[in-house]
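Below: the structure, in structure tokens.
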Amino acid sequence: MRLDELGDWRRTHLSNEITPELASAEVTLMGSVVDVRDLGGIKFLILRDAGGTIQVTAPKAKTSRRILAKIDSLSKESSIAVRGKVVTAKQAPRGMEVVPTDIKLLNAAITPLPLDPTGRVKADLDTRLDSRLLDLRRPKTMAIFKIRHKVLQIVREFLVSKGFIEVNTPKIVATATESGAALFPISYFEREAFLGQSPQLYKEILTGCFDRVFEIGPIFRAEEHDTTRHLNEVTSVDIEAAFVTQEDVMRILEELIVRVFNRVKQRCAGELKVLKHDLKEPNPPFPRITYGEALKKLDDAGVKVPWGQDLPTPAERRLGELVGGTFFVVDWPTETKPFYIMPHKDDPKLCCAFDLMHEGLELASGGTRIHQEKLLIKQLRQKGLNPKRFESHLKNYRWGLPPHSGFGLGLDRLVMVLTGAKNIRECVLFPRDRRRLVP
RNA sequence: GCCCUGGUGGUGUAGACCGGAUAACAUGUAGGCCUGUCGAGCCUACGCCUCGGGUUCAAAUCCCGGCCAGGGCGCCA
């Protein structure tokens, strides 16, 4: 198949910009072939671009044989450019169509394709991820990532309006700085380094100069988890603010979640319709349930969790059913949370930490952080960590680091909730899990 | 890592329990008919049993193992 050069052709309009006012104007469209319907005396070509789809109509009697032959030669999903005249037509899908005067085949798609890009014939998630580009041309998949884009925009707007500064911290780190999650070791010249599991320590330090910071970026966990809500590379929305406590950042988080749900519902109505997802907006203030109350509720429902343990998945789900909607779990046992979380003054067995739950799914966790070096060293020792290895972090605390609080919010999980996706892989362009490293 | 379920044309499914004959359906692809399709319609053709071993006269079907996938769990500051 001979391909045409783009040459000096440039797109003049997107498909959704073809309006009745353009009637009889010449336009140049660029996009992909969705379908060709040949009725003998008339051919219809459906072109899709970033604006949607538009019908290109070629009546046999009024179209050159060269163009008719060209249309016949096009395979689905091929990249094309169409130059033609805008025509109003009652029978056209949107009342407007384009009659071609010239068509360029810029790149041909092979046949058969590894999946149906219209989405009419189902395909397994695994098959879809293997051919993600084609999958992303499916309306449902596209809708998820348009919503994700909108969420990022809303989150940035909101946090900036609250005085937060966006920062970028290193993803290559020297040591396994925090206890807990396993890290991916990487080769860093003559040394070993790791992929960062969280921007936690960096963002805390940065409250000492920027007051309020946030970072939206990748975090890496080398855990061999194999579930519908874990990946080895995820995007977190991390915030940290000076001179505030847990309760203040919980209110920020609450407002943020409400804002995101509200704006997505308003601005992504079309995408939600494609996904057939009825988004229920949570009402503030979200219930605050203590860890102790959560255990009691679970016990009453026949689910036993020993005090001092994190909630296992089935318990989380049950609690989600019992409480319903979006809620906070507060006053966690100090032993379940990391070393930098502030213990309660009057009861150091409990700490100033919270989890944000949405229908049994943990969306975020945060708390009041320790800002006194002495206490931090004590907590490090408590967790069996060696304070000497944290020297480069600890020295910041000698320079008047303010009291601060923050949280980390899982963006991919938030998008799951907003789109109704049942598997986190649906919400990440190129997910990384225990087995998948490509594409 | 453990448990459960599965792997059939390019894609998604049926067949399998209860072994046997031309492996079915939708979509797709190729070709044909048709001047208003819009999930176009109609006709013709093409294309499939995950891999290895076992049982049997005979295996897509039963058994064992591998690999892969889906779900559940564990792990997850």
Side-chain angles (χ1 to χ4, degrees), chain A residues 34-46 53-63 68 72-73 75-77 87 89-95 97 99 109-131 134-135 138-139 176-183 196-201 204 219-232 234 236 238 310-317 332 334-341 351 353 355 362 365-367 369 379-380 383-385 407-408 410 413 422-423 425 433-436:
Chain A
V34 175
D35 200 10
V36 174
R37 285 191 278 273
D38 183 355
L39 275 68
I42 187 166
K43 293 182 201 292
F44 300 104
L45 185 162
I46 312 301
T53 59
I54 181 88
Q55 179 165 280
V56 177
T57 303
K60 201 173 188 176
K62 295 180 193 163
T63 312
L68 291 172
D72 287 339
S73 76
S75 57
K76 285 180 185 175
E77 297 304 320
V87 171
K90 274 201 297 269
Q91 311 96 312
R94 291 196 355 249
E97 59 191 13
V99 176
I110 58 153
T111 58
L113 295 164
L115 52 82
D116 167 26
T118 67
R120 266 177 254 129
V121 179
K122 273 196 215 160
D124 289 340
L125 181 57
D126 193 52
T127 306
R128 291 168 43 210
L129 290 173
D130 280 340
S131 306
L134 283 178
D135 180 45
R138 295 156 70 109
T177 50
E178 301 160 55
S179 61
L183 301 189
Q197 64 173 276
S198 136
Q200 182 63 32
L201 304 185
E204 286 193 58
I219 59 173
F220 306 89
R221 307 273 162 99
E223 297 294 337
E224 297 192 358
H225 32 47
D226 190 7
T227 78
T228 52
R229 61 206 176 279
H230 288 90
L231 288 174
N232 296 291
V234 297
S236 83
D238 263 279
D310 205 350
L311 300 181
T313 310
E316 267 185 354
R317 289 188 175 177
W332 287 80
T334 308
E335 59 197 283
T336 63
K337 292 290 175 184
F339 68 88
Y340 48 78
I341 291 287
C351 65
D355 279 8
E362 182 188 329
S365 68
R369 323 302 193 183
Q379 292 306 108
L380 278 166
K383 300 275 173 193
L385 297 165
F407 62 76
R413 286 188 177 182
K422 294 284 177 275
N423 191 319
R425 291 162 183 80
D433 63 29
R434 179 67 185 88
R435 282 174 291 271
R436 185 175 284 280

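Per chain, numbering begins at 1; letters A, B, ... match sequence-line order. Because the structure is a prediction, the values reported are computed rather than measured.
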* Asked: If we take the C1' atom in both B:rG9 and B:rC18, what is their distance in whole Å?
  -> 27 Å
Output a table of donor-acceptor pairs, distance under 3.5 Å, between side-chain atoms of residues 56-63 of chain A and any protein atom two or more places apart or on a different chain; print 'none' if there are none.
| residue | atom | partner | partner atom | Å |
| --- | --- | --- | --- | --- |
| A:T57 | OG1 | A:Q55 | NE2 | 3.3 |
| A:T57 | OG1 | A:E97 | OE1 | 2.8 |
| A:T63 | OG1 | A:P59 | O | 2.6 |

* To do: Specify the residue among A:D72 and A:D38 whose closest nucleotide of RNA chain B lies further upstream toward the 5′ end.
  => A:D72
* Structure fact -> Under the rule of Watson-Crick or G-U wobble with both distances under 3.5 Å, where | means paired to another strand and [ ] a crossing pair, RNA chain B maps to (((((((..((((......[...))))((((((.......))))))...(((((..]....))))))))))))....
Report, one pair per line, the protein and nucleotides 43-49 of chain B atoms (nitrogen or oxygen only) whose separation is under 3.5 Å.
none

* To do: Write down the distance between CG (A:D226) and C1' (B:rC68), rounded to a whole number of angstrom.
  => 12 Å
* **Donor-acceptor contact present, side-chain A:E223 to main-chain A:A182, <3.5 Å** => yes
* Would you indicate what A:D35 reaches in the nucleic acid, counting non-hydrogen atoms under 4.0 angstrom: base, sugar-phosphate, or nothing? => sugar-phosphate
Check: protein-nucleotides 7-13 of chain B nitrogen or oxygen pairs below 3.5 Å:
| residue | atom | partner | partner atom | Å |
| --- | --- | --- | --- | --- |
| B:rG10 | O2' | A:L113 | O | 3.2 |
| B:rU11 | O2' | A:K122 | O | 2.9 |
| B:rG12 | OP1 | A:D124 | N | 3.1 |
| B:rG12 | OP1 | A:D124 | OD2 | 3.4 |
| B:rG12 | OP1 | A:T127 | OG1 | 2.8 |
| B:rG12 | O4' | A:K122 | O | 2.8 |

* Nearest listed nucleotide, side chain of A:H230, among B:rC76, B:rG71, B:rA40 -> B:rC76
* Asked: For the pair made of CG in A:D310 and C1' in B:rC73, what is the distance, rounded to whole Å?
  -> 15 Å
* Rounded to whole angstroms, how far apart are CZ on A:R369 and P on B:rA77? -> 13 Å
* To do: Ignoring hydrogens and angles, answer whether the base of B:rG1 and the side-chain atoms of A:E223 contain a donor-acceptor pair closer than 3.5 Å.
  => no
* Asked: Base, sugar-phosphate, or nothing: which does A:T227 touch, judged by heavy atoms less than 4.0 Å apart?
  -> base
* Asked: Just how far, in rounded Å, is C1' of B:rA77 from CZ of A:F220?
  -> 17 Å
* Asked: Which nucleotide in the list B:rU29, B:rA77, B:rA40 gets nearest to the side chain of A:S198?
  -> B:rA77
* Between A:R434 (CZ) and B:rC76 (P), how many Å, whole number? -> 16 Å
* To do: With the side chain of A:A61 defined as its heavy atoms from C-beta on, choose the nearest nucleotide among B:rG36, B:rA40, B:rU35.
  => B:rU35
* When we call it a touch if two heavy atoms are under 4.0 Å apart, what does A:K76 touch: a base, just sugar-phosphate, or nothing? -> sugar-phosphate
* B:rU37 base / A:Q91 side chain donor-acceptor hit below 3.5 Å -> no
* Which residue, A:D126 or A:A92, contacts RNA chain B at a nucleotide closer to its 5' end, judged by nearest heavy atom? -> A:A92
* Asked: Using a cut-off of 4.0 Å on non-hydrogen atoms, how would the nucleic acid contact of A:Q379 be classed: base, sugar-phosphate, or nothing?
  -> nothing
* Quote, to the nearest angstrom, the P distance that separates B:rG10 from B:rG72. => 30 Å
* **Pairwise P distance, B:rC2 and B:rU61 [rounded to whole Å]** => 26 Å
* For the pair made of NZ in A:K337 and C1' in B:rC76, what is the distance, rounded to whole Å? -> 12 Å
* Does a salt bridge link A:K43 with A:D38, judged by any charged N lying under 4.0 Å from a carboxylate O? -> yes
* To do: With sequence neighbours left out, write down each residue that passes side chain to side chain donor-acceptor pair (under 3.5 Å) with A:D355, or none if nothing qualifies.
  => A:K337
* With sequence neighbours left out, write down each residue that passes side chain to side chain donor-acceptor pair (under 3.5 Å) with A:T118, or none if nothing qualifies. => A:D116
* Looking at the side chain of A:R120, which of B:rA30, B:rA40, B:rC76 is the nearest nucleotide? -> B:rA40
* State plainly whether the residues A:R37 and A:D35 are in salt-bridge range, i.e. N to O under 4.0 Å. => yes
* **A:P93, nearest nucleotide to its side chain (from B:rG36, B:rC38, B:rG74)** => B:rC38
